[in-house]
Amino acid sequence: MSTPSGTPPRAPSGTSPDAPPGPLPSEPPGAPPGAPSRRSRGVPARVARHPLGLVSALLLTAILLAVAFAPALSPQPPDVSSLRDAFGGPAAGHPLGFDSAGRDILSRLLHGGRNTLGGAALALAVALALGVPAGLLAGYYGGWFDSAASWVVNMIMALPAMVVLLASRAILGPTVWVLMVVLGFLVAPAFFRLVRGIVAAVRGELYVDAARVSGLSDTRIVARHILIVVRAPIIIQVALVSGIAIGLQAGLEFLGIGSGDAPTWGAMLNEAFKNIQRAPSLLLWPGLALGLTSGALVLLAAALRDVLEDRGTHRRPPRRPSRRAAAVARAAQPHEPRAALLSVRDLAVAYPERQVVHGVDLDVHAGEIVGLVGESGSGKTQTAFAILGILPETGRIAGGSVTIDGQEIVGLPERRHRALRGNVVAYVPQEPMSNLDPAFTIGSQLVEPIRHKLGLSRAEARERALDLLARVEIADPERAFRSYPHEISGGMAQRVLIAGAMSCDPKLLIADEPTTALDVRVQAEVLGLLRRLQRERDLGVLLVTHNLGVVADLCDRVAVMSEGRIVETGTAEQVLHAPEHPYTRRLIGAVLEVP
Amino acid sequence: MAAFVARRTAAGAFLVLVISFLSYTLLSIPDLDVGRQLLGQNAAQELVDAKNAELGLDRPALVQYLDWLAHAVRGDLGTSWFTSEDVLQAIANRLPVTLSLMVGVTLLTAVVSFLLGVWAGVRRGAVDRFVQIFSVIGYALPNFLVTLVLVLVFAVHLRWFPAIGYVGLGESFPGWLSTIALPVTALSVGAVAGVAQQVRSSVIEVLRQDYVRTLRARGLPPSRIVFRHVLRNASAPALAVLGMQFVGLLGGAVLVEQIFGLPGIGSMTVTYTTRGDIPIIMALVMLTVIGVIAINLVVDILIGWLNPKGRIA
Amino acid sequence: MNALLTVEDLHVSFPGKGRRAPRTEVLRGVSLDVGPGETLGLVGESGSGKTTIGRAILGLVPVASGTITFGGRRIDGLAGRRRRALARELQVIFQDPYTSLNPARTIGDTLAEPLLGLGARAARERVATLLDRVHLPADAAHRLPREFSGGQRQRVAIARALAIDPKLVVCDEPVSALDLTTQRTVLDLLLEIQEQSGVSYLFVSHDLAVVRFMAHRVAVIHRGRIVETGDAATVTTEPSHPYTRGLLLAAPVADVAAQRARREAFERYASSAAER
């Protein structure tokens with residue numbers, strides 16, 4: 001973990017300006033998926049520490065070694081048969097017994113593995129050699145090659161592999177190795193699509209642009225930035241495709257496509273199947289060999305994915321605040337007279353890894369706008385989520401008391417807390433676009449909570465929604481009602497979200513950075529709208545923001561939050577013009593003088 | 001919408017044309033000497049030549065193809081070289097079997113994998129682990145191996161279902177059900193594994209979206225959020241996977257029909273392709289390709305309906 | 001004055017969505033110039049085309065028509081080796097400090113990227129100097145971007161841009177993803193570097209206050225056209241174009257009384273704009 005140790009303070013009143021990054025749920029982790037993160041240990045070592053990975057890797061190694069040394073390990077050549085021993089059980093020197101023609105099963109299994117795995121390896125090599133370079137070119141340069149290659153790939157993917165292989169056999173004859181090359185062509189799209197998709201995405205990354213501006217040639221960029229990203233997914237895909245290739249190879253052999261007597265797992269299964277009524281146990285060994293190999297490959301792929309993509313395990317959190325938290329809530333002492341509308345005392349919010357809000361006190365009265373100000377990671381959004389009861393899955397209220405309209409919500413069953421949301425306390429989120437469901441029209445998203453919470457008929461709810469859209473100053477409510485979220489602008493989407501928050505006549509509005517994502521002119525309009533709505537309905541508003549200008553514009557009182565604690569509270573004038581706490585002073589000192 | 005379907009149909013028709021041309025020319029490369037195969041080693045060369053001429057095999061491959069195409073667009077797929085059956089009739093006889101299989105598998109897969117995936121994605125925990133393990137196993141094992149195990153357990157040992165044979169839906173419904181049950185189950189295992197996994201991860205992904213939090217903040221109950229909003233948004237990628245699985249299922253059907261002795265398109269493919277019976281092979285290739293294109297079109301229309309943003313005018 | 005960078009009548013368009021959709025014009029005839037050692041602020045709202053100007057100068061988007069002259073040479077349409085040679089003189093700092101650094105490469109790797117011509121040893125020394133210059137600890141070279149905060153990453157991006165003493169750095173919203181206090185320290189660093197090295201900046205931002213703090217002159221862009229250019233103090237206090245006035249009045253100030261007055265002025269402006 002880094003601290004900004006080498007950074008001398010440069011802001012006029014600043015100390016240690018760069019807040020250390022924390023694993024806060026509100027902050028997305030920096031590394032995109034697919035990027036190798038730890039460099040300390042190599043991939044094999046990390047796979048070895050993954051239990052499933054270790055088991056599957058060992059199993060595969062054992063199978064490969066056994067197959068590679070088949071001539072040495074086999075009791076006898078695979079084709080030696082003695083009809084006397086047909087269907088014979090295990091005997092000295094023949095640990096797995098004999099098949100229907102009296103051939104030694106172990107010998108056939110080992111030699112069969114050579115053909116089955118060798119065939120799959122050939123197909124895989126062809127697929128890699130075709131798919132990866134083509135995917136790189138198509139993804140990096142796009143253009144006509146991309147169009148042409150993608151068309152061919154779509155065509156290949158429309159062809160059922162088994163049918164094509166059977167048809168190929170008619171053309172190319174029953175040589176299994178040739179068919180495996182065809183199979184390579186058929187599974188190459190798996191690599192092409194994977195590589196093309198990743199490369200096209202990385203191609204748009206700013207660090208690739210930066211490398212171009214730094215004067216790197218395309219080859220260098222591919223080598224330095226692109227290959228490193230596609231490597232891990234390709235390795236995973238190799239494991240998966242190997243499994244598929246082995247399955248198809250065995251399937252072909254099972255159908256008897258192979259060239260006669262050569263032992264393969266598929267042919268052994270076919271022979272066992274013919275005798276399924278007489279000696280079902282013949283299915284056991286080739287089935288086991290095939291199943292274990294395929295299974296181990298898929299498990300290895302899963303382990304590689306865990307290791308290379310560094311996925312954490314998900315822990316299941318307790319669903320409700322603990323009894324202890326509820327007990328704490330009752331014991332909390334009021335520090336000052338509690339506001340009737342929203343009163344927070346000694347609130348603590350915790351995640352499994354750490355606590356992010358420590359003993360927060362807040363009051364919002366009816367008809368008042370209170371600003372909750374702080375920088376990213378200060379815990380202001382977590383406080384807002386806790387009040388609304390919409391903390392992420394792993395988060396929970398660890399202590400304190402929150403009353404909304406006189407009702408204690410800490411320890412309140414989810415059903416009763418939910419009953420408050422929408423018609424007593426409502427929420428306006430930060431990012432307008434991502435907070436509307438892309439699959440439903442604006443109208444249906446507004447109507448749904450109205451009907452559910454207020455029990456209105458469809459027509460009444462529709463009328464109410466249109467009225468709301470007009471109230472949030474949308475020029476053509478009918479049209480907005482019919483639109484999908486992607487068809488409207490960010491400013492309009494934020495108005496829609498405000499309309500949604502107001503739809504069931506709440507008394508308290510919790511607005512989390514409601515204008516941060518908007519352009520200044522739209523911001524000014526939306527802030528004006530919030531002010532008018534608030535006055536009209538005597539709403540209490542808790543406005544979470546980092547922008548002190550927004551505070552000056554809208555707020556009656558302000559609470560300043562830093563590192564999970566409220567450091568200063570007062571009227572907007574007091575806090576902006578005569579800050580007391582050093583943190584507040586530093587914050588205000590960093591504001592650039594606006595003309 | 002109509003324009004989209006029209007454009008896709010045109011693109012599909014072009015694809016079918018390209019594939020038919022490639023298949024026909026590739027199939028004509030090996031000199032199979034069909035006349036000799038039909039008449040036997042001892043037949044006189046003149047008779048063999050006459051037979052080849054009768055089948056039109058003495059003409060250049062391109063002419064043969066154009067002739068085939070000209071008949072095909074009129075719905076005449078010719079007759080089998082080896083059995084003299086009418087190709088269309090032969091396919092029509094076997095199609096119901098494969099169709100029962102496909103429809104059964106698709107329905108079963110869709111229902112089971114959505115149930116499992118949503119359950120795992122929403123509840124997480126033990127349910128999730130179970131679905132994950134099932135998915136890995138189902139994905140890992142080759143389809144025909146699963147089939148063999150099912151036959152061994154349910155047909156050979158327990159004798160709940162017949163190991164072999166087919167009873168038409170028109171003959172007896174319980175009979176049809178009992179002959180189709182094991183093949184459908186066998187084919188569904190792999191498909192369910194793939195689709196359930198996709199449903200699960202899409203559900204988890206959607207549950208993390210901002211709009212789900214906002215819906216919670218509006219006071220809507222979780223069941224409503226899951227079944228109305230999460231399910232709809234998570235369905236599109238799952239449908240795409242279901243569409244891809246379908247292509248794999250056609251291949252799987254070949255093996256499964258062979259194992260259960262079902263007289264369907266799959267077992268027909270095995271029988272006729274090995275002999276190089278071009279009229280039949282061409283018909284089978286066209287049938288599967290058109291089937292795949294049609295399924296993809298349906299899937300894309302459904303995805304567009306589910307996801308208005310990606311909707312193409 | 002002899003300008004370092006001159007952009008004249010620049011047009012850029014992007015293909016529309018769908019195959020037959022018309023191309024969208026992002027820049028419709030933009031002209032501007034940046035002198036040596038000067039900072040030109042470029043202000044605009046999202047979608048105005050301000051980022052595209054920077055990307056066109058850097059050769060990251062194709063130019064439809066118009067000219068870009070840098071140090072006396074035409075650079076629009078340069079490609080391959082000749083474009084790469086420009087890297088010594090023309091650099092960039094992007095907005096997003098999280099995606100502008102390859103998460104899989106150490107800070108040292110990233111900083112050495114423009115130094116490929118140098119030997120390994122010289123490059124290492126240069127990286128140490130650069131880290132010192134942006135006030136990051138020397139051991140940062142061995143660490144991965146994810147160990148750093150947004151502000152620190154942006155310092156790394158600045159160090160990369162300075163790696164070979166460029167004449168002009170395109171700063172594309174370099175502080176808009178940062179917290180208030182961090183923002184200030186990064187801006188101070190950029191000013192300090194300009195004082196020491198005499199580098200020119202094309203400083204792209206949506207924030208009038210930031211631009212006023214950084215720039216000597218300001219150009220305001222609206223829907224792909226420059227609507228106003230002039231001295232920074234004048235444009236940001238007494239703008240002549242109504243669009244700029246709207247921008248100015250809409251930006252809230254952290255002073256209750258002043259903001260009340262500004263809010264009233266904005267409402268008047270908005271209603272008069274509505275009448276027009």
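Naming: A, B, ... by sequence-line order, numbering from 1 per chain. Scope of the values below: all heavy atoms of this structure, side chains included, with no hydrogens, waters or symmetry mates.
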Would you please name every residue forming a side-chain contact (heavy atoms from CB on, under 4.5 Å) with Pro506(A), sequence neighbours left out?
Ala426(A)
Can you say whether [X] sits under 4.5 Å from chain A via the side chain, the backbone, both, or neither, judging by heavy atoms?
X         : value
Val18(B)  : side chain
Ile280(B) : neither
Ile295(B) : neither
Ile137(B) : neither
Leu220(B) : both

Could you tell me whether Arg218(B) and Glu448(A) have a side-chain N and a carboxylate O separated by less than 4.0 Å?
no
Proximal component of [X], with respect to chain B [non-hydrogen, under 4.5 Å]:
X         : answer
Leu292(A) : neither
Ala501(A) : both
Ala302(A) : neither

Under a 4.5 Å cutoff for heavy-atom pairs, which residue among [options] has the most contacts with chain A?
options                                    : result
Leu284(B), Leu152(B), Val149(B)            : Leu152(B)
Ala11(B), Gly266(B), Gly252(B), Pro222(B)  : Pro222(B)
Leu141(B), Val156(B), Ile293(B), Asn296(B) : Val156(B)
Leu148(B), Val212(B), Val206(B), Thr269(B) : Leu148(B)
Pro221(B), Gly251(B), Gly248(B)            : Pro221(B)
Gln132(B), Met244(B), Arg224(B), Arg216(B) : Arg216(B)

Count the heavy-atom pairs under 4.5 Å between each of [options] and chain B, then report the option with the highest count.
options                         : value
Gly500(A), Ala272(A), Gly422(A) : Gly500(A)
Val298(A), Leu165(A), Ile244(A) : Val298(A)
Ser503(A), Pro438(A), Gly291(A) : Pro438(A)

Do the rings of Phe254(A) and Phe273(A) sit parallel, tilted or perpendicular, given the 30° and 60° boundaries?
tilted
Taking the inter-plane angle between the rings of Trp151(A) and Phe14(B) on a 0 to 90° scale, is it parallel (under 30°), tilted (30 to 60°) or perpendicular (over 60°)?
tilted
Suppose a student defines contact as a heavy atom less than 4.5 Å from any heavy atom of chain B. Which residues in residues 282-290 of chain A would they list?
Leu283(A), Gly287(A), Leu290(A)
Identify, with sequence neighbours excluded, every residue that meets side chain to side chain donor-acceptor pair (under 3.5 Å) alongside Ser23(B).
none
With no hydrogens and no angle check, is any side-chain donor or acceptor of [X] less than 3.5 Å from a backbone partner on [Y]?
X         : Y         : answer
Arg482(A) : Thr441(A) : no
Asn435(A) : Glu431(A) : yes
Ser202(B) : Pro237(B) : no
Gln494(A) : Pro429(A) : yes
Asn423(A) : Cys504(A) : no

Phe185(A) CZ: over 12 foreign heavy atoms closer than 6.0 Å:
no
Paired with Tyr24(B), the side chain to side chain contact (heavy atoms under 4.5 Å, CB included) test is passed by just one of Ile278(B), Ile281(B), Val285(B), namely Ile278(B)
N/O donor to acceptor pairs below 3.5 angstrom from side-chain atoms of residues 152-159 of chain A, sequence neighbours left out:
residue   : atom : partner   : partner atom : Å
Asn154(A) : ND2  : Ser150(A) : O            : 3.4

Any side-chain heavy-atom pair from Leu255(A) and Asn270(A) closer than 4.5 angstrom?
no
